[in-house]
Amino acid sequence: MATDAATSDWVLRAEGVNFGDTVWNTNDLSCIRGASLCLEAIGVELEAYFRGRPVQADLIMHGGSIAAFRLHGLTEAAALALRDDVDARLRGSYDAEMDRPKPVSAPNVELSELSKDGEVLLEHRAPTEHMTIMVDVEPIRDGNVSAALRWAQVRSRRRQMRSPNVPRSAPASVDTGLLADKARRQCPVDPLRFTPDTDSDLRATTIVTSDQYPNAETIADNALPEALKRIKVCRRVADLRSYGRHARREIYIFHLRGAVKGPETQSVEALQRLEEAGLFETHDFARSFRDIVADPDPELPISQQGKLAFLYFDGNRFSDLRDRIGNMPDFSEFVRMANSHALEELILRFIAEDKYGERPWAWASDGRLQVKRHGRLGWEDRRLLRMETLIFGGEDSALVVPAWLAFDIAAFMLDAFSTGAANAAKALGLELTTVPSWRVGVLICDQRTPARRGVTAAEVLCKDAKEALHDTAIQKCLSFHISESHDVPELSHTSNAVEALRIGYQGFELGGSQKPGRALRAAGADLECLFENISQIKAILPRSQVYRMISELIQERKELVDSDMVLDREAAAFRDLMQDISFRSREELSVSKISDLLPAKDSAPLMRLIALAELWDYVGPFADGTAREDAA
């Protein structure tokens, strides 16, 4: 820290931490989204705060859970006082009556009028009192902003480790010490917290479908449709669920603003394009994980019904990219522009597919939402997009979509991020030798899987993709796992957790390209043709024969004692099986043709067949996969 009363420029950095206890602590989609929107809103909150202060503060970076500003001409005492004031604001009590966002009207005429002036002000405070946010300042020495940011981060990490990690917003006690009373006061959405002692506190209520939380305490509300009910919850859940459902427009303005740095000129052209397509007018976002998988088409394979896909995206070698750009504001703006392009393209695709696609049900479901028209609240039927961004805005992002769209959306988003990055580099005048690339981890699992486990597993799979294929010249890479149980293992970022997901695929320890993970990831040109190849092979090879060959090869491995003989014997057995299938299909199915179409050319035959079996239902799920069963 500075040691005299001289003025200097400072970095103020605010970061949301403890995601396990603040974001993933419930399995309620609206509550999770409200928490992550709170983190995305840190930059919005602080821009509004500094707008009314006699201090010049320039935004230098803004991510999914981080915001940093450059403060000009402050003494050490003034900088520390400002840090404490910012910290107090973010921890301040949330006035639900005044601050809780209401359902938006559509179209929002006020928003259009404000956009003409080039600036949109924050309309509602975020309930950041329910989050854990570290705020620190650091002087900028020798003009090195990056170094100041790193030191501010170090200070935040130290304070984070010294801070107690306990549930916030829980009352100190309940009315009595009786276990029955404590059970009654337990929040049905977040069991670690309690509902308020005072029954008249209507702030701590939320609206759910009539069959959700059957043991919750119901509050009479005659204004609700028959299919809905109002229940008592803790204040944290009530605030975050409301924020998660109604605050997107404000946060999207911040994400989708034009490529002009600074809060003075905030374009909302991207948001206007989304609204013109029908966002908030005829379409809205899913409110629960159940919304995402509700009412599947009868033609959908039963293995996919009721299943979600968690997709975790992360930029490849972005630390090197940050160093190449050299300027933190430019790097932050670059990431924001790439993200905003991907987000806009994703939402536009879901809306367009729902309106004009051959299977519109695949992209939206029906739901009754509360909306505001002509100053009055009411209930209307909307089309709910089968997607939600769980975390968004930084170098990494997490999405949840139906299992049947998992690989389609994964490939689409990898393209969208890369296109956004190319556009951002051009708009900012950045000379990059290669366009930055992203990696994605895909976990497919039951809708009852705890979101914390689902996102963690997808993140670990993304890490697996990054470590296995870190070459920046490879633009696309994914690593996947398909779980048939909702009890996805509790994974750790500090261990080889991917192997815990894939255990049991091989009976022998094989190294290099023969490791099981090689067949369960795809990159570059292999990824581009993977889905087309799977569709082709489904049309010519009976599924029953795939499982027959897997069974035969597993038995072959069990009979071998020396693992060095595995690959040679397995390759020979695979050729024999394929020749048998080819003979019985009157040589219509050639060994070489099927071998060329199988995934992961460099992997062992057994793992190639297992990868095919895993992907069978999830790539082109409506292709006719039974037409060739007579060939068996």
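Please read all numbers here as calculations on a predicted model, not as lab measurements. The first residue of the sequence shown is numbered 1, and numbering continues consecutively from there.
- For the pair K476 (side chain) and A522 (backbone), a donor-acceptor distance under 3.5 Å is absent.
- Under the ring-ring contact (aromatic ring centres under 6.0 Å, His included) criterion, F334 pairs with no residue at all, not counting sequence neighbours.
- Contact of the D239 side chain with the H130 side chain is registered, since non-hydrogen atoms from C-beta on lie closer than 4.5 Å.
- N339 places a side-chain N or O within donor-acceptor distance of the main-chain N or O of G394, the cut-off being under 3.5 Å.
- S242 places no side-chain N or O within donor-acceptor distance of the main-chain N or O of A238, the cut-off being under 3.5 Å.
- With hydrogens and angles disregarded, a donor-acceptor distance shorter than 3.5 Å links the side chain of T75 to the backbone of A78.
- Between E129 and R235, no side-chain nitrogen of the basic residue sits less than 4.0 Å from a carboxylate oxygen of the acidic one, so the salt-bridge criterion is not met.
- Using modelled atom types, one finds a donor on one side chain and an acceptor on the other under 3.5 Å when comparing D136 with S156.
- Residues A286 and L29 approach most closely at O-CD2, 3.8 Å, considering heavy atoms.
- Side chain of E45 to backbone of A126: a donor-acceptor contact under 3.5 angstrom is found.
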(request) Could you walk me through whether V440 and M413 pass the side-chain contact (heavy atoms from CB on, under 4.5 Å) test, one step at a time? (result) CA-CA 9 Å; V440 59; M413 287 296 286; over 6 Å; no

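- Residues in residues 309-331 take part in these ring pair (Phe, Tyr, Trp, His ring centres under 6.0 Å) pairs, two or more places apart or across chains: F313-F417, F318-W438.
- Here the straight-line distance linking atom CG of D190 with atom CZ of R236 works out to 6.5 Å at 0.5 Å rounding.
- Of the residues L37, V455, I391, V23, the one that meets the side chain to side chain contact (heavy atoms under 4.5 Å, CB included) test with I32 is V23.
- Side-chain contact check for L82 versus F50: some heavy-atom pair is nearer than 4.5 Å.
- In this structure, T7 OG1 and L71 CG are separated by 12.5 Å, a value rounded to the nearest 0.5 Å.
- With a 6.0 Å radius and a threshold of 12 heavy atoms from other residues, nucleotides or ligands, W151 has its CH2 atom at or below the threshold.
- The two residues T128 and L90 come nearest to each other via the heavy atoms OG1-O, 2.8 Å.
- Taking CZ of R287 as the reference point, atom CG of D284 lies at 4.5 Å (rounded to 0.5 Å).
- For N18 (side chain) and T132 (main-chain N/O), no donor-acceptor pair under 3.5 Å exists by modelled atom type.
- Between F531 and F407, the ring planes lie tilted relative to each other; the angle falls in the 30° to 60° range.
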(message) Between E431 and R324, is the salt bridge (Lys or Arg N to Asp or Glu O under 4.0 Å) condition met? List the steps.
(response) CA-CA 9 Å; E431 296 183 3; R324 291 205 305 273; over 6 Å; no

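- Looking only at side-chain heavy atoms (C-beta outward), M387 and V400 stay at 4.5 Å or farther from each other.
- Considering R33, R452, R241 in turn, R241 is the only one that fulfils the salt bridge (charged side-chain N to carboxylate O under 4.0 Å, His left out) rule with D28.
- With contacts defined as side-chain heavy-atom distances shorter than 4.5 Å, the pair L343/Y252 qualifies.
- Closest non-hydrogen pair, V11 versus A148, comes out as CG2-CB, 3.9 Å.
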(message) Between L346 and I409, does the side-chain contact (heavy atoms from CB on, under 4.5 Å) criterion hold? Intermediate values first, please.
(response) CA-CA 8 Å; L346 177 68; I409 296 302; 4.0 Å; yes

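- Ion pairing between D58 and R70 fails under the 4.0 Å rule for side-chain N and carboxylate O.
- A cation-pi arrangement is found for R349 relative to F412, the charged atom lying closer than 6.0 Å to the ring centre and inside a 45° cone about the ring normal.
- Note that the CG atom of N25 and the SG atom of C31 stand 6.5 Å from one another [nearest 0.5 Å].
- Judged purely by distance below 3.5 Å, without hydrogens or angles, the side chains of S30 and R245 pair a donor atom with an acceptor atom.
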(request) Would you check, one step at a time, whether the test side-chain contact (heavy atoms from CB on, under 4.5 Å) holds for F19 with S65? (result) CA-CA 10 Å; F19 283 17; S65 61; 3.7 Å; yes

(request) Could you walk me through whether F285 and I347 pass the side-chain contact (heavy atoms from CB on, under 4.5 Å) test, one step at a time? (result) CA-CA 10 Å; F285 295 89; I347 297 173; 3.8 Å; yes

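- Comment: R336 engages E333 in a salt bridge, judged by a side-chain N to carboxylate O separation of less than 4.0 angstrom.
- Using modelled atom types, one side-chain atom of S340 and one backbone atom of M337 make a donor-acceptor pair closer than 3.5 Å.
- From L59, atom CG reaches atom CZ of F69 across 4.5 Å, with rounding to the nearest 0.5 Å.
- Here the closest heavy-atom approach between residue R521 and residue S479 is recorded as CB-CA, 3.9 Å.
- Side chains of R157 and V154 form no contact here, defined as non-hydrogen atoms less than 4.5 Å apart.
- You'll find the side chain of I133 stays beyond 4.5 Å of the side chain of V17, heavy atoms only.
- For the pair F480/I444, no side-chain contact is recorded, criterion being any heavy-atom separation below 4.5 Å from C-beta on.
- R91 has a carboxylate O that lies under 4.0 Å from a charged side-chain N of D87, or vice versa, which qualifies the two as a salt bridge.
- R439 and D464 are not joined by a salt bridge, as no carboxylate oxygen comes within less than 4.0 angstrom of a charged side-chain nitrogen.
- Between M61 and L149, the shortest heavy-atom contact is SD-CD1, 4.0 Å.
- Interatomic distance, I66 CD1 to L39 CG, rounded to the nearest 0.5 Å: 10.0 Å.
- Formation of a donor-acceptor pair under 3.5 Å by the E40 side chain with backbone atoms of G64 is not found in this model.
- The two residues C38 and L240 make their nearest non-hydrogen contact at SG-CD2, 3.8 Å.
- Annotation for R159: atom CZ counts as buried by contact number, over 12 foreign heavy atoms lying within 6.0 Å.
- At distances below 3.5 Å, at least one donor-acceptor pair connects side-chain atoms of S418 with backbone N or O atoms of L414.
- Side-chain contact check for L308 versus T449: every heavy-atom pair is 4.5 Å or farther apart.
- A salt bridge is absent between R13 and E138; no separation between the charged side-chain nitrogens and carboxylate oxygens falls under 4.0 Å.
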